[in-house]
**Q** 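My questions all concern the structure below.
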Amino acid sequence: MSREIRKIVHLFIPEDSGGVKPNSCEAHYFKLLFQRRLKNYQLKIYTHAQETKFKKALKFSAHPDDKFFIITDLDFTEDRSNLRYVKKKIRNLASLGDNAQLFVSGRSFEVWLCMYHGVYTKRFISQAALNKTVARDYTKKERWYIKERGRLYANLRAASANAKKSRRIILSGSAREKKRYVTELPDFTEEALLDYFITRETFTYVDLLVKELQALSRD
């Protein structure tokens, strides 16, 4: 009797510099909130060093129902001098194919965490200032996420609603065809659309990734 192949949620985090062991705030968040809640799926997180492995899994998936997600930041510098690099990075990730959904949080993942407090649309000043908005004791280390994981999971609905409201605000003055991106993921292979969102700076689509994972979870 052949062994059943277990379905996998493949999550690539390009900013994770942890080598073979994921060590980013994104990895801590999704591991602690969803690893044990996924039903009939296991969560596999890929770091920057494991990009080739993610691409190989994407091309030669062992199970037809495997899921492929990418979570990334804009990570532009305070003086915005690296925007050309940021745009190239997002374009390359968006070009990995239709089977790999790209979720961007601008300027960084902490913008999503700010949505736990309310609708957040402030222009980026510095990462230090953003971290203080998340919490006075906030740190990107796993210990903070372990301490806060109960609260973070319990308040997912409110944070997701705030993220959606924030997108509605930043897209309020845009053309009608862009209003769809309040609820839909943008296709960042489109140069004009990528430029548009980079100039908005503060936005997040982490809630849509959360929605995908909740659909695969037990509760």
**Q** Between Arg149 and Tyr153, is NZ or CZ placed under 6.0 angstrom from the six-membered ring centre and within 45° of the ring axis?
**A** no

**Q** Could you name each residue pair satisfying ring-ring contact (aromatic ring centres under 6.0 Å, His included) that touches residues 76-99, not counting sequence neighbours?
**A**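 The answer is Phe76-Phe124.
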
**Q** Minimum heavy-atom separation for Cys114 and Val134, please, with both atom names.
**A**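 Shortest heavy-atom contact: SG-CG2, 4.0 Å.
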
**Q** Examine the side chains of Arg107 and Gln127 and answer whether a donor and an acceptor come within less than 3.5 Å of each other.
**A** yes

**Q** Once side chain to side chain donor-acceptor pair (under 3.5 Å) is applied, do any residues pair with Lys147, and if so which ones, sequence neighbours excluded?
**A**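 Lys147 satisfies side chain to side chain donor-acceptor pair (under 3.5 Å) with Asp137 once adjacent residues are dropped.
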
**Q** Would you please test Phe109 and Tyr29 for ring-ring contact (aromatic ring centres under 6.0 Å, His included) and show each step?
**A** CA-CA 10 Å; Phe109 182 73; Tyr29 181 91; 5.3 Å; yes

**Q** May I ask you to decide if Met115's main-chain N or O and Asn162's side chain share a donor-acceptor pair within less than 3.5 Å?
**A** yes

**Q** Verify the ring-centre separation between Phe68 and Phe12: is it less than 6.0 angstrom?
**A** no

**Q** Could you check whether any side-chain N or O of Ser126 sits under 3.5 Å from a backbone N or O of Ala129, counting only pairs where one atom can act as donor and the other as acceptor?
**A**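 Pair found, side chain donor or acceptor close to backbone of Ala129.
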
**Q** Mind listing the closest non-hydrogen atom pair of Leu208 and Glu184 along with its distance?
**A**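 Heavy atoms only, the tightest pair is CD1-C, 4.2 Å.
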
**Q** Where the side chain of Ser160 meets the backbone of Arg157, is there a donor-acceptor pair that is under 3.5 Å apart?
**A** no

**Q** Using only heavy-atom distances, determine whether the side chains of Glu110 and Tyr138 contain a donor-acceptor pair under 3.5 Å.
**A** yes

**Q** What side-chain donor-acceptor pairs closer than 3.5 Å can you find for residues 97-105, not counting sequence neighbours?
**A**
from   : atom 1 : to     : atom 2 : distance (Å)
Ser105 : OG     : Ser108 : O      : 3.0
Ser105 : OG     : Thr204 : OG1    : 2.9

**Q** Assess the pair His10 and Tyr46: is the distance between their ring centroids shorter than 6.0 Å?
**A**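 Centroid distance His10-Tyr46: below 6.0 Å, so yes.
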
**Q** Taking all non-hydrogen atoms of both residues, which atom of Lys31 and which atom of Glu142 are closest, and how far apart?
**A** NZ-OE2, 4.2 Å

**Q** Going by heavy atoms in the side chains, are Trp112 and Asp73 under 4.5 Å from each other?
**A** no

**Q** Are Lys89 and Leu74 side-chain neighbours, meaning at least one heavy-atom pair lies under 4.5 Å?
**A** no

**Q** A side-chain contact here means heavy atoms from C-beta on lying under 4.5 Å apart; do Leu113 and Val111 qualify?
**A** no

**Q** Indicate the atoms forming the closest heavy-atom contact of Thr47 with Lys21, along with that distance.
**A** CG2-C, 4.2 Å

**Q** Do NZ/NE/NH1/NH2 and the carboxylate oxygens of Asp207 and Arg167 come within less than 4.0 Å?
**A** yes

